[in-house]
Amino acid sequence: MMRSLFHAAHRAVHRIAGGDRHAGHHHQGHAAQDPGGMGISGESYDRLSGWVLSGLHRQAAADVCRRAPRDGVVVDIGTGPGRLLLRIARTRPDLVPHGVDVSPAMVSRARANTRRHGLDDRVTLHLGDAAALPLPDASADVLVSTLSMHHWADVAAAVAEAARVLRPGGRLVVYDFRGVSDGPLNQAVAARPEFTGAPVRRERLTGAPTLPFPLFARMEVERAPAPATPHGHTATG
């Protein structure tokens with residue numbers, strides 16, 4: 001019963017915000033029409049997602065902050081109003097957080113949130129897609145996504161972008177509903193030489209201490225470390 005209510009609440013959030021704010025959504029071709037909505041829609045999504053997803057964001061932020069190296073670059077794919085980025089930036093002042101979203105309204109809302117919390121000089125927001133990240137090669141240490149993968153039109157393209165943007169040894173960490181299949185993610189990872197032999201590790205999690213069942217799943221894969229040089233040093237790039 002609680003699971004049905006939670007799913008209904010999340011669907012309601014998407015309807016209010018225009019239904020396809022996440023980077024890589026299947027309506028990504030309509031990005032120029034602002035798929036996330038404007039004005040009250042963006043504000044309503046922000047308020048509701050803060051209520052519905054606060055537990056998941058808390059867990060994801062703690063996870064990212066434990067794993068990111070000193071002065072590391074963290075990219076939130078499908079950042080929406082930027083709530084996860086705010087938690088990460090407050091917890092680890094040394095990190096360099098970036099957020100990417102396909103919706104101009106959500107990027108605008110995230111920028112407003114970072115300004116309101118005095119973090120706009122540290123958090124960088126980009127309008128972009130999971131399958132075409134606006135970031136340089138080998139520039140990020142952690143890519144994280146919360147409840148966005150099930151919207152990605154082309155998981156293989158998104159994984160290829162993750163492989164391009166991640167530094168050797170970097171991590172892709174994806175949170176989504178437990179019922180979302182990790183088959184496409186596993187297939188895409190297996191096809192990329194940058195993830196040679198690296199398994200996608202999956203675990204269940206509740207997302208809130210009050211939930212009696214695991215509602216979400218966490219999936220993680222590590223980009224292959226740089227090979228050692230003949231002199232025993234680690235190559236970069």
Side-chain angles (χ1 to χ4, degrees), residues 13 17 21-24 36 42-130 133-149 151 158 161-162 164-167 169-176 205 207-209 216 218-223:
V13 168
R21 69 150 186 90
H22 290 285
E43 294 170 5
S44 296
Y45 188 98
D46 192 5
R47 287 195 299 270
L48 286 175
S49 67
W51 167 64
V52 174
L53 303 178
S54 60
L56 178 63
H57 287 160
R58 185 163 48 248
Q59 292 187 41
D63 183 26
V64 167
C65 289
R66 280 194 305 268
R67 295 175 181 277
R70 180 76 183 171
D71 300 322
V73 174
V74 174
V75 181
D76 180 18
I77 302 172
T79 194
R83 288 180 173 268
L84 176 58
L85 286 177
L86 293 176
R87 288 183 180 273
I88 291 170
R90 287 194 295 258
T91 304
R92 287 278 305 272
D94 63 295
L95 295 180
V96 182
H98 289 253
V100 178
D101 203 284
V102 74
S103 164
M106 286 299 147
V107 171
S108 177
R109 184 66 179 174
R111 286 184 175 134
N113 284 340
T114 59
R115 284 195 301 271
R116 186 167 63 253
H117 290 273
L119 294 169
D120 52 314
D121 60 334
R122 288 191 47 224
V123 177
T124 304
L125 282 307
H126 308 267
L127 183 66
D129 190 273
L133 296 173
L135 294 158
D137 295 356
S139 60
D141 298 285
V142 180
L143 301 182
V144 62
S145 175
T146 54
L147 304 189
S148 176
M149 186 180 72
H151 290 295
E161 275 296 88
R164 179 185 67 80
V165 170
L166 280 173
R167 292 170 178 155
R171 298 170 185 270
L172 171 64
V173 186
V174 175
Y175 296 83
D176 217 317
L205 66 157
F216 303 108
R218 176 187 179 278
M219 293 153 275
E220 178 185 2
V221 64
E222 182 178 348
R223 193 186 189 279

Next on the checklist: With a 4.5 Å cut-off on side-chain heavy atoms, are Glu161 and Asp129 touching?
Outcome noted: no

Checklist entry - At their closest point, which heavy atom of Val96 faces which heavy atom of Asp71, and how far apart are they? => result CG2-O, 4.3 Å

Checklist entry - Checking side chain to side chain contact (heavy atoms under 4.5 Å, CB included) for the pair Val64/Val173: CA distance, chi angles, key distance, verdict? => result CA-CA 8 Å; Val64 167; Val173 186; 5.5 Å; no

Checklist outcome for this item: Rounding to 0.5 Å, atoms CE (Met149) and CG (Leu172) come to a distance of 9.0 Å

Next on the checklist: Within the 4.5 Å heavy-atom criterion, are Tyr175 and Leu205 side-chain neighbours or not?
Outcome noted: yes

Checklist outcome for this item: Rounded to the nearest 0.5 angstrom, the OG-CG distance for Ser148 and Asp76 is 8.5 Å

Item to check | Candidate pair Asp63 and Arg218, rule side chain to side chain contact (heavy atoms under 4.5 Å, CB included), full reasoning | outcome: CA-CA 10 Å; Asp63 183 26; Arg218 176 187 179 278; 2.6 Å; yes

Item to check | Nearest atoms (heavy-atom pairs only) where Pro104 meets Val102 | outcome: CD-O, 3.5 Å

Checklist outcome for this item: Nearest heavy-atom approach of Val165 to Leu143 is CG1-CD2, 4.2 Å

Checklist outcome for this item: Heavy-atom closest pair (Ala60 atom, Thr146 atom, distance to 0.1 Å) is CB-CG2, 4.1 Å

Checklist entry - Do the side chain of Arg122 and the main chain of Leu95 share a donor and acceptor less than 3.5 angstrom apart? => result yes

Checklist entry - Distance from Ile88 atom CD1 to His57 atom NE2, nearest 0.5 Å? => result 9.5 Å

Checklist entry - side chain to side chain donor-acceptor pair (under 3.5 Å) with Glu222: which residues, sequence neighbours excluded? => result none

Checklist entry - Looking at residues at least two apart in the chain, or sitting in another chain, which of them share a side chain to side chain donor-acceptor pair (under 3.5 Å) with Asp94? => result Arg92

Checklist entry - Which residue pairs pass the ring pair (Phe, Tyr, Trp, His ring centres under 6.0 Å) test with at least one member in residues 94-125, sequence neighbours excluded? => result His98-His126

Checklist outcome for this item: Between the CZ atom in Arg83 and the CG atom in Leu56, the distance rounded to the nearest 0.5 Å is 13.0 Å

Checklist entry - Taking atom CG of Asp137 and atom CG of Leu166, what is their separation to the nearest 0.5 Å? => result 11.0 Å

Item to check | Straight-line distance of Ser108 OG to Asn113 CG, nearest 0.5 Å | outcome: 9.5 Å

Checklist outcome for this item: Taking every heavy atom of Gly128 against every heavy atom of Pro134, the minimum-distance pair comes out as CA-CD, 4.4 Å

Checklist entry - Taking side chain as C-beta onward, heavy atoms only, is Arg58 less than 4.5 Å from Arg87? => result yes

Item to check | Side chain proximity check, Leu85 to Thr114, heavy atoms < 4.5 angstrom | outcome: no

Next on the checklist: So which atom in Val74 and which in Ala68 form the shortest heavy-atom distance, rounded to 0.1 Å?
Outcome noted: CG2-CB, 4.1 Å

